[in-house]
Amino acid sequence: MPPPVTGAAVDTHAHVFHQGLALADTRRHTPDYDATLAQYLGLLDAHGLSHGVLVQPSFLGTDNSHLLEALRAAPARLRGVAVVDPAIDDAGLRALAEAGVVGIRLNLIGLDLPGLAAPAWRHLLDRVNALGWHVEVHVQAARLADIMPALLQAGCRVVVDHFGRPDPALGIADPGFQYLLRQAGSGRVWVKLSAPYRNWTGAACATSGREAARQLLDAYTPAHLMWGSDWPHTEHRHLASYPAATQWLDDWIDDPAQRRVVLADTPLRLFQFQGEFQ
C-alpha cells in the first residue's frame, strides 16, 4: 500500500441532504434545513481536509440516490457508506460500488437488532465482504455485544460509530465500552472518534472524549481509529460546529504523529481512497 498523499486528511463521517427528499416512514428526526454537498466541500476546503466520507442518514432509509449523486459529483474526493435492504440484488450493490460506496451502515438506535443469522443477511454479508467493504454499526454500547459477534463471525470488517456510544451516565465505565475495547484483538474492528455530544455534554466533550480516546488508543492503536465531524450534527446543531469538531481531535490526542495516522493513514486505506483494502 503506498503511503498517504502529503497533506491528505479525511473526515470519515458526514451527511448531505436537502428538504424535499423522500423520507423513511420510520425515522427519529426530520430536518428542517439543507446540508448540501457544496456546503460540505467548502468546509473541507476551509479546514484543510482533502477527503470526506458521506454516510447515508437514517431518515432517508434505503433510498441512496441522493448519496450516489453526491459521490458522483466528486469521485476522487468522496467515498460513501450506504443503507441497504438485505434483499438488494447484485446489480444494486455493483451500482453502489461504482459510485464510490465502500460500506453499509446498520443504524440501530431505537430499532430491533437485525436477524443476521437469516439467509438474506448472511448472503448480504458475504457479498459485502467480497466487495472489500465494511459494516458500520451505530448502536448504544450496551448492545454492541449483541451485534458484533455475528458480524465478526461472518468475517466482516466492522466500523463502530461515535466512540461506541457509551451511556452518558457511565462514560468509559460502561460495560459496553469496555467490551468494545476488548474487540481490538480481532484486528477487524475500527472506531470513529466522532460526535462526542451524542455521549457527553458541555466541557465533557473534550475531557471525557479525551479519556475515551486514550483508552481506545491504548487498545486499538491509531491504525484502527478515525476522526469524523458528524456534520451537520443532526439533532445537535446547537451543541457543535465544524471548527469545534476539528478542535476536539486536538483536545483528545496530543501526539501529532498519532493524529496524522487517525486523520490520514487509517481512513485512506479503509475507505479505499488508495485502491483496494489490503
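Positions are given from 1, in the same order as the sequence printed here. In what follows, every heavy atom counts, from backbone to side chain, and hydrogens, waters and symmetry copies are set aside. Predicted model, so just to flag it, every value in this text is computed and none were measured.
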Handout entry: L78 CG to L71 CG distance, which is reported to the nearest 0.5 Å
Key = 6.0 Å
Handout entry: In one Ile/Leu/Val/Met/Phe/Trp/Tyr side-chain cluster, 4.5 Å: L108, V135
Key = yes
Completion exercise
For A141 and P166, the nearest pair of non-hydrogen atoms, with its separation, is CB-CA, 3.8 Å
Practice task
Check whether any side-chain heavy atom of V191 lies under 4.5 Å from a side-chain heavy atom of H224, and answer yes or no.
Solution key: no
Practice task
For the pair R210 (side chain) and D251 (backbone), establish whether a donor and an acceptor sit closer than 3.5 Å, ignoring hydrogens and angles.
Solution key: yes
Exercise for the section: Check W231 against V16 and note the closest heavy-atom contact, atom names and distance. Expected result: CZ3-CG1, 4.3 Å
Exercise for the section: Report yes or no: do D230 and S194 form a side-chain donor-acceptor pair below 3.5 Å? Expected result: no
Problem - Short side-chain to backbone donor-acceptor contact, W200 and G209, under 3.5 Å - result: no
Problem - Linked, directly or transitively: V261 and L270 (ILVMFWY side chains, under 4.5 Å) - result: no
Exercise for the section: For residues L60 and L67, determine if any side-chain heavy atom of one lies less than 4.5 Å from a side-chain heavy atom of the other. Expected result: no
Problem - With H138, the side chain to side chain donor-acceptor pair (under 3.5 Å) member among H13, R165, K192 - result: R165
Handout entry: Nearest-0.5 Å distance that lies between atom CD in E136 and atom CD in Q56
Key = 11.5 Å
Completion exercise
Distance col, row H134:NE2 vs N129:CG, nearest 0.5 angstrom, shows 12.0 Å
Problem - same_hphob_cluster(L68, L37) at 4.5 Å side-chain heavy-atom cutoff - result: yes
Exercise for the section: Can you see which heavy atom on T266 is nearest to which on W190, and at what distance? Expected result: CG2-CD1, 3.7 Å
Fill in the blank from the handout: Of all heavy-atom pairs linking S50 and A8, the shortest is OG-CA, 3.2 Å
Exercise for the section: Please work out which of the three classes, parallel, tilted or perpendicular, describes the rings of Y197 and H233, given edges at 30° and 60°. Expected result: perpendicular
Exercise for the section: Give a yes-or-no answer on whether the side chains of Q183 and S186 include a donor-acceptor pair shorter than 3.5 Å. Expected result: no
With a cut-off of 3.5 Å and sequence neighbours excluded, list every side-chain donor-acceptor pair involving residues 212-223.
residue	atom	partner	partner atom	Å
R214	NE	E211	OE1	3.1
R214	NE	E211	OE2	3.2
R214	NH1	D218	OD2	3.1
R214	NH2	E211	OE2	2.5
Q215	OE1	Q178	NE2	3.4
Q215	NE2	E211	OE2	3.3
Y220	OH	L180	O	2.5
T221	OG1	A223	N	3.3

Exercise for the section: Indicate yes or no for a side-chain donor-acceptor contact from R77 to the backbone of G52 under 3.5 Å, with no hydrogens or angles considered. Expected result: no
Exercise for the section: Starting at CG of L193, measure out to CG of L263 and round the result to the nearest 0.5 Å. Expected result: 9.5 Å
Show me the donor-acceptor pairs, under 3.5 Å and distance only, between side chains in residues 113-123 and residues at least two apart or in other chains.
residue	atom	partner	partner atom	Å
R122	NH1	A117	O	2.2
H123	NE2	R127	NE	3.4

Practice task
Give the intermediate values and the outcome of side-chain contact (heavy atoms from CB on, under 4.5 Å) for residues L106 and L111.
Solution key: CA-CA 10 Å; L106 301 179; L111 298 176; over 6 Å; no
Practice task
Taking D174 for its side chain and D167 for its backbone only, find out whether a donor-acceptor pair lies under 3.5 Å.
Solution key: yes
Problem - Residue Q153 excluded, over 12 heavy atoms near CD under 6.0 Å - result: no
Handout entry: V83-V158 co-clustered via ILVMFWY side chain contacts under 4.5 Å
Key = no
Exercise for the section: Check whether any side-chain heavy atom of H47 sits under 4.5 Å from a side-chain heavy atom of D11, and report yes or no. Expected result: no
Problem - Gap between atom CG of D255 and atom CZ of R260 - 0.5 Å precision - result: 13.0 Å
Exercise for the section: Ignoring hydrogens and angles, tell me if any N or O in the side chain of N64 forms a donor-acceptor pair with the backbone of T62 under 3.5 Å. Expected result: yes
Handout entry: T201 side chain near L239 side chain, heavy-atom distance below 4.5 Å
Key = no
Exercise for the section: Please tell me if the side chains of F59 and N107 come closer than 4.5 Å, counting only heavy atoms from C-beta onward. Expected result: no
Completion exercise
Heavy-atom closest pair (H162 atom, A195 atom, distance to 0.1 Å) is ND1-CB, 3.5 Å
Handout entry: CZ-CG distance between R188 and L151, expressed to the nearest 0.5 angstrom
Key = 9.5 Å
Handout entry: Main-chain N/O of G132 paired with Q272 side-chain donor or acceptor, under 3.5 Å
Key = yes
Problem - Hydrophobic cluster identity match, L170 and V139, side-chain contacts under 4.5 Å - result: no
Handout entry: side-chain contact (heavy atoms from CB on, under 4.5 Å) between F271 and V81, intermediate numbers included
Key = CA-CA 9 Å; F271 292 99; V81 178; 4.2 Å; yes
Practice task
List the atom of V159, the atom of M226, and the distance in Å for their closest heavy-atom pair.
Solution key: CG1-CE, 3.9 Å
Practice task
Using the side-chain contact (heavy atoms from CB on, under 4.5 Å) rule, take F17 and L54 through it: C-alpha gap first, then chi angles, then the decisive distance, then the call.
Solution key: CA-CA 10 Å; F17 51 84; L54 299 179; over 6 Å; no
Exercise for the section: Would you check, one step at a time, whether the test side-chain contact (heavy atoms from CB on, under 4.5 Å) holds for W227 with I253? Expected result: CA-CA 11 Å; W227 169 82; I253 301 178; over 6 Å; no
Practice task
Check the angle between the aromatic planes of F163 and W252 and answer parallel, tilted or perpendicular using the 30° and 60° thresholds.
Solution key: perpendicular
Problem - Donor on one side chain, acceptor on other, D63 and S65, under 3.5 Å - result: yes
Practice task
May I ask you to say whether R198 pairs ionically with D161, meaning some side-chain N is under 4.0 Å from a carboxylate O?
Solution key: no
Practice task
For R79 and P75, indicate whether the former's side chain and the latter's backbone hold a donor-acceptor pair under 3.5 Å.
Solution key: yes
Exercise for the section: Indicate yes or no for a side-chain donor-acceptor contact from D34 to the backbone of T36 under 3.5 Å, with no hydrogens or angles considered. Expected result: no
